[in-house]
Number of protein chains: 2
Amino acid sequence: MAHVFDIDDPADPRLDDFRDLNSVDRRPDLPSGKGLVIAEGVLVVQRMLASRFRPRALLGTDRRLGELAADLDGVDVPFYRATAEVMAAAVGFHLNRGVLAAAPRPGELSVDEIIAGSRTVAVLEGVNDHENLGSIFRNAAGLGVDGVLFGTGCADPLYRRAVRVSMGHALLVPYAWASSWPQDLEMLRDNGFRVLAMTPNPVAPTLAAAMAELADEKVAMMVGAEGPGLKEHTMRSADVRVRIPMSRGTDSLNVATAAALAFYERARLDP
Amino acid sequence: MAHVFDIDDPADPRLDDFRDLNSVDRRPDLPSGKGLVIAEGVLVVQRMLASRFRPRALLGTDRRLGELAADLDGVDVPFYRATAEVMAAAVGFHLNRGVLAAAPRPGELSVDEIIAGSRTVAVLEGVNDHENLGSIFRNAAGLGVDGVLFGTGCADPLYRRAVRVSMGHALLVPYAWASSWPQDLEMLRDNGFRVLAMTPNPVAPTLAAAMAELADEKVAMMVGAEGPGLKEHTMRSADVRVRIPMSRGTDSLNVATAAALAFYERARLDP
């Protein structure tokens, strides 16, 4: 069981990991941030406890402590128990989820580690919006994607908002940053992957047609920033370009939605 | 061409349609709001001009006026030209899209009007989040849905945030509110529609299997609130229950994503 400490004073230094979470210099993804990963809410805290991220402190109400009792059994971590008011004063805003966990960042995984044992990966370039990034992780988890590879221009998937929108799956779906982009796509190919790029080009084959041909192969699905899409050079590095059939008069879908359709098409004939 | 008026004073009463857009009593979806529909940005303003919504005033920078010149040709509406600073002072926040249009609400369409001529409709219950609602309209437009029917508990699709997230498609994809719910589903059935309900139940047929059987029929795809899903009574009113195949250990997708997958499955074999 976690060690429970009651906290009455929002200024208590034991709450420093959770202090002023909205202020820019506490954003863990920025250089001045502490680098801590914050999980919010019972479900996301449960997923953090099941992940490779090891919380070093929790802050929550007595009610949330009760809901997490089974998950915290045998976990050696302090649980700072406080009222919603004390929590709000320390954190800097009212939390309606009632519990937070803070974990240091473990070492990053390598591209090799993502590729090994994966059959389906998502590859992202220029996805710099935390909500889109969080949605992509949630969709990846739900729709059978084994791992995520980041090219250039992507936001930090461990930022609080991304973790929250991902429902904690940013902590569970393994990911790695390419060290050389887009050259690292070669590592996928060397391991038997076929690299698909999503394009709005109306003469490209549809997602359905392309994915049917690749049913027995390893597949990497590449999506680019909303608006500009994949860079020209990256697009040229793909093996196959595919399009989502769109109604006339419409331009594009949100990047997380487009990725979800690709993941779904890949997974749809699984039982 | 629109009539251009230069405005230097943010307090000019001609800007009243655009004043303090973030304050609660100006939210057009609330009873105290003015009921005006606000379009933001060149693309969304263009879609408003192409829709049944008739703007009664525009406010924007000279640059945006230039970009909209062709769209405003022959349109009898005042364009209040101002600097970004004057706009921010009137609106109450900095707008990075540089142009707004305000339109009164036209009369609501009827359920009959949505059904007539439609082959594929989306039916929403309890979708009370403006972003999800906006996303659903964007996805509906891109993936071939002809109209949207609202059951109970849905937010206003004409609220500014919903219109923005929809990329203006909330103004273009026709929708109606059910007057009697879920009894109005009978109107769909009377017009030859088969009503599908999305369910997390793992023994339900998959979206792919169910949609293949209905390829030649009219289809209504029903989704419920994120979290609780469709109400029991509504679920019982459906003809077919379908599930999205999900990875083990995951619970559900975002409601707009789940709807997008249903729309996609319906449309995927179209050229």
Side-chain angles (χ1 to χ4, degrees), chain A residues 43 46-47 50-51 120 131-132 134-146 165-169 172-173 200 202-203 205-212 226-227 243-271, chain B residues 43 46-47 50-51 120 131-132 134-146 165-169 172-173 200 202-203 205-212 226-227 243-271:
Chain A
L43 180 64
Q46 286 170 328
R47 289 190 173 143
S51 78
T120 305
E131 278 197 49
N132 283 336
S135 296
I136 288 172
F137 272 88
R138 183 178 180 186
N139 298 338
L143 298 167
V145 172
D146 301 310
V165 173
S166 82
M167 306 288 276
H169 290 297
L172 286 168
V173 176
V203 300
T206 63
L207 203 49
M211 215 65 96
E226 190 151 352
R243 70 180 168 89
I244 296 167
M246 302 283 292
S247 308
R248 272 185 290 272
T250 58
D251 32 14
S252 71
L253 296 167
N254 164 277
V255 61
T257 306
L261 298 182
F263 302 166
Y264 171 77
E265 183 63 54
R266 170 72 166 167
R268 73 187 272 281
L269 294 181
D270 283 354
Chain B
L43 180 65
Q46 285 170 329
R47 289 188 173 144
S51 78
T120 305
E131 277 195 51
N132 283 336
S135 295
I136 288 172
F137 273 88
R138 183 178 181 186
N139 298 338
L143 298 168
V145 172
D146 302 310
V165 173
S166 83
M167 307 288 276
H169 290 296
L172 287 167
V173 177
V203 301
T206 64
L207 202 50
M211 216 65 97
E226 190 153 350
R243 70 177 167 90
I244 296 167
M246 301 283 290
S247 308
R248 271 184 291 271
T250 58
D251 33 12
S252 70
L253 295 167
N254 165 278
V255 61
T257 306
L261 298 182
F263 302 165
Y264 170 77
E265 183 65 53
R266 171 71 165 166
R268 73 187 274 280
L269 294 181
D270 283 354

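Small disclaimer: the values here were computed from a predicted structure and weren't measured. Chain letters run A, B, ... following the sequence lines, proteins first and then strands; every chain starts at 1.
Each of His169(A), Glu131(A), Met167(A) has some count of heavy-atom pairs under 4.5 Å with chain B, and the biggest count is that of Glu131(A).
Residues Ala141(B) and Ser247(A) approach most closely at O-OG, 2.9 Å, considering heavy atoms. Taking each heavy atom of Tyr264(B) and Pro245(A) in turn, the nearest pair found is CE1-CD, 4.2 Å.
Looking at Leu43(A), the atoms closer than 4.5 Å to chain B (heavy atoms on both sides) all sit in the side chain, from C-beta outward.
Side-chain contact check for Arg268(B) versus Arg268(A): some heavy-atom pair is nearer than 4.5 Å. Counting only heavy atoms from C-beta outward, the side chains of Leu143(B) and Leu261(A) approach each other to under 4.5 Å.
Going from atom CG of Leu253(B) over to atom CZ of Phe263(A) covers 11.0 Å, rounded to the nearest 0.5 Å.
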